[in-house]
Undergrad: 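First, the structure itself, so that you have it in front of you.
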Amino acid sequence: MKEFLENLISTWWGILIICLVCVAVWILLSALLYRPFFKRFYDIVLSGLAILVFSWLLIILIIVGAIKMKGNPFFMQLRPGRRKKLSKKQCKKQGVPYGTYGEEKIFKLTKFRTMTCEKDENGELLPDEKRLTKYGKFLRSTSLDELPELFNIFVGHMSIVGPRPLLVQYLPLYSEEQRHRHDVRPGLTGYAQVHGRNAISWDEKFKLDIKYIQKISFWKDIKILLQTVLKVFKRSGINSDTSATMEEFKGNE
């Protein structure tokens, strides 16, 4: 046994076996403890690496965006993030059952601007299709407008995979089931994104979001990331059938 262990740490095949065992154990732990620990761990590590690797591209897009948009290249907007379950003390204080969720944490989403701020004679913003520039269409079709969201992921506002963060004004319009999409951090990409993105209805999108939340797993997130890469290259599902972006959610019928 002693001789075997000595060979294990002194030969190339022994070191290879040790490395493979360590990788297998790491993957097993990632799968078993993904939702409570590793999902956020990978969010921090991967978003941090992506920021470093694509820093040159971010700088180029900031400069080009400032020129094309004649000013601030960033689009910033408040979005609802994750809501957490209230503690026993909070539930008792508010007189609600234990397990009740609190309010969504509002954060500032950051993207690259794809539309101008042109207004009509009444001071109202022009329709999206008139404000969406050729440069903006390029950013949207390649998903490069989403790159600044890496910083939202790194600080904990978002996750790499999860339901897309929608508008704050939609919160009162959700059904109780639809609002469960905020039980997790919103994502840069998500299950609904790879199954139609803006080309599917709101009802279908919410159903896909809930389906994802009910069965979050290490392998499902990897699959969604691979499907996202394919979607970006195919540039599919960018627009809805009736709008240059996505039509407004007006509540459930």
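Every value quoted in this text rests on a predicted model; they were computed, and no experiment measured them.
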Undergrad: Spell out, as yes or no, whether a donor-acceptor pair under 3.5 Å connects the side chain of Gln94 to the backbone of Cys91.
TA: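 Not a single qualifying donor-acceptor pair exists.
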Undergrad: Side-chain heavy atoms nearer than 4.5 Å, only ILVMFWY residues, links allowed to pass through others: does that put Ile222 and Val161 together?
TA: yes
Undergrad: Should the pair Asp183-Arg82 be classified as a salt bridge under the 4.0 Å nitrogen-to-oxygen rule?
TA: no
Undergrad: Under a 4.5 Å side-chain heavy-atom rule over Ile, Leu, Val, Met, Phe, Trp and Tyr, are Tyr170 and Tyr101 clustered together?
TA: no
Undergrad: Could you tell me whether Lys205 and Asp209 have a side-chain N and a carboxylate O separated by less than 4.0 Å?
TA: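 Salt bridge absent between Lys205 and Asp209.
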Undergrad: Quick one: do Tyr191 and Ile224 satisfy side-chain contact (heavy atoms from CB on, under 4.5 Å)? Show the steps, please.
TA: CA-CA 6 Å; Tyr191 195 60; Ile224 290 172; 4.0 Å; yes
Undergrad: Calculate, to the nearest 0.5 Å, the distance between atoms CG and CG belonging to Leu208 and Asp203 respectively.
TA: 9.5 Å
Undergrad: Could you tell me whether the side chains of Asp43 and Ser159 share a donor-acceptor contact shorter than 3.5 Å?
TA: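 There is such a pair (donor and acceptor under 3.5 Å, judged by atom type) between the side chains of Asp43 and Ser159.
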Undergrad: Please check if Phe218 and Ile153 belong to a single hydrophobic cluster, counting links between Ile, Leu, Val, Met, Phe, Trp and Tyr side chain heavy atoms closer than 4.5 Å.
TA: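 Phe218 and Ile153: one cluster.
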Undergrad: About how many Å separate CD1 of Ile160 and CZ of Arg185, when rounded to the nearest 0.5 Å?
TA: 11.5 Å
Undergrad: Tell me which donor-acceptor pairs under 3.5 Å the side chains of residues 14-24 have, and how far apart each pair is, sequence neighbours excluded?
TA:
none

Undergrad: Measure centre to centre between the rings of Phe206 and Phe249, then say whether the value is under 6.0 Å.
TA: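 Between Phe249 and Phe206, which both carry aromatic rings, the centre distance is below 6.0 Å.
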Undergrad: Do His182 and Tyr174 have ring centroids that are under 6.0 Å from one another?
TA: yes
Undergrad: For the backbone of Lys211 and the side chain of Gln214, can you confirm whether one donor and one acceptor N or O come within less than 3.5 Å of each other?
TA: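 Here the side-chain-to-backbone pair does not exist.
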Undergrad: Roughly how far, to the nearest 0.5 Å, is the CZ atom of Phe107 from the CZ atom of Arg79?
TA: 7.5 Å
Undergrad: Just list the side-chain donor-acceptor pairs under 3.5 Å for residues 50-67, sequence neighbours left out, or say none.
TA:
from, atom 1, to, atom 2, distance (Å)
Ser55, OG, Leu52, O, 3.0
Trp56, NE1, Val53, O, 3.0

Undergrad: Tell me whether Lys220 at atom NZ has more than 12 heavy atoms from other residues, nucleotides or ligands lying less than 6.0 Å away.
TA: yes
Undergrad: Mark yes when over 12 heavy atoms from residues, nucleotides or ligands other than Lys111 sit less than 6.0 Å from its NZ; otherwise mark no.
TA: yes
Undergrad: For the CD atom on Glu177, are there more than 12 heavy atoms of other groups (residues, nucleotides or ligands in this structure) within a distance under 6.0 Å?
TA: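 12 or below, so no.
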Undergrad: With no hydrogens and no angle check, just 3.5 Å: does a side-chain donor-acceptor pair link Asp221 and Tyr212?
TA: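 Yes, side-chain donor-acceptor contact under 3.5 Å.
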Undergrad: Could you state the interatomic distance from OG (Ser47) to CE (Met158), rounded to the nearest 0.5 Å?
TA: 10.5 Å
Undergrad: Roughly how far apart are Leu188 CG and Leu46 CG, rounded to 0.5 Å?
TA: 11.5 Å
Undergrad: Does the cation-pi check pass for Lys39 over Tyr34, that is, NZ or CZ under 6.0 Å from the six-membered ring centre and within 45° of its axis?
TA: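 No, Lys39 and Tyr34 do not form such a contact.
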Undergrad: Between Glu146 and Arg164, does at least one N-O distance fall below 4.0 Å, as a salt bridge requires?
TA: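 Yes, this pair counts.
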Undergrad: Checking side-chain contact (heavy atoms from CB on, under 4.5 Å) for the pair Leu150/Leu147: CA distance, chi angles, key distance, verdict?
TA: CA-CA 6 Å; Leu150 290 171; Leu147 273 182; 4.0 Å; yes
Undergrad: Applying side chain to side chain contact (heavy atoms under 4.5 Å, CB included) between Arg83 and each of His180, Glu103, Arg181, report the one that passes.
TA: His180
Undergrad: Begin from the C-alpha positions of His157 and Lys108 and carry the test side-chain contact (heavy atoms from CB on, under 4.5 Å) through to its verdict.
TA: CA-CA 9 Å; His157 297 148; Lys108 188 174 288 186; over 6 Å; no
Undergrad: Can you tell me how far apart NZ (Lys250) and CG (Leu173) are? Round to the nearest 0.5 Å.
TA: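 It is 11.0 Å, given to the nearest 0.5 Å.
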Undergrad: Between Arg140 and Leu132, is there a side-chain heavy-atom distance shorter than 4.5 Å?
TA: yes
Undergrad: Would Ile106 and Val168 count as a side-chain contact (heavy atoms from CB on, under 4.5 Å) if you check the C-alpha gap in whole Å, the side-chain angles of each, and the deciding distance to 0.1 Å?
TA: CA-CA 8 Å; Ile106 307 301; Val168 175; 4.1 Å; yes
Undergrad: Under 6.0 Å between ring centres: does that hold for Phe75 and Phe112?
TA: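 Between Phe112 and Phe75, which both carry aromatic rings, the centre distance is not below 6.0 Å.
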Undergrad: Quick test of your reading: applying side-chain hydrogen bond (donor to acceptor under 3.5 Å, both in side chains), list the pairs with at least one residue in residues 14-33, sequence neighbours left out, ordered by first then second residue.
TA: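 Every pair satisfying side-chain hydrogen bond (donor to acceptor under 3.5 Å, both in side chains) with a residue in residues 14-33: Trp26-Tyr42, Ser30-Tyr42.
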Undergrad: How far apart are the closest heavy atoms of Asp145 and Thr114, and which atoms are they?
TA: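 Here Asp145 and Thr114 meet closest at CB-CG2, 3.8 Å.
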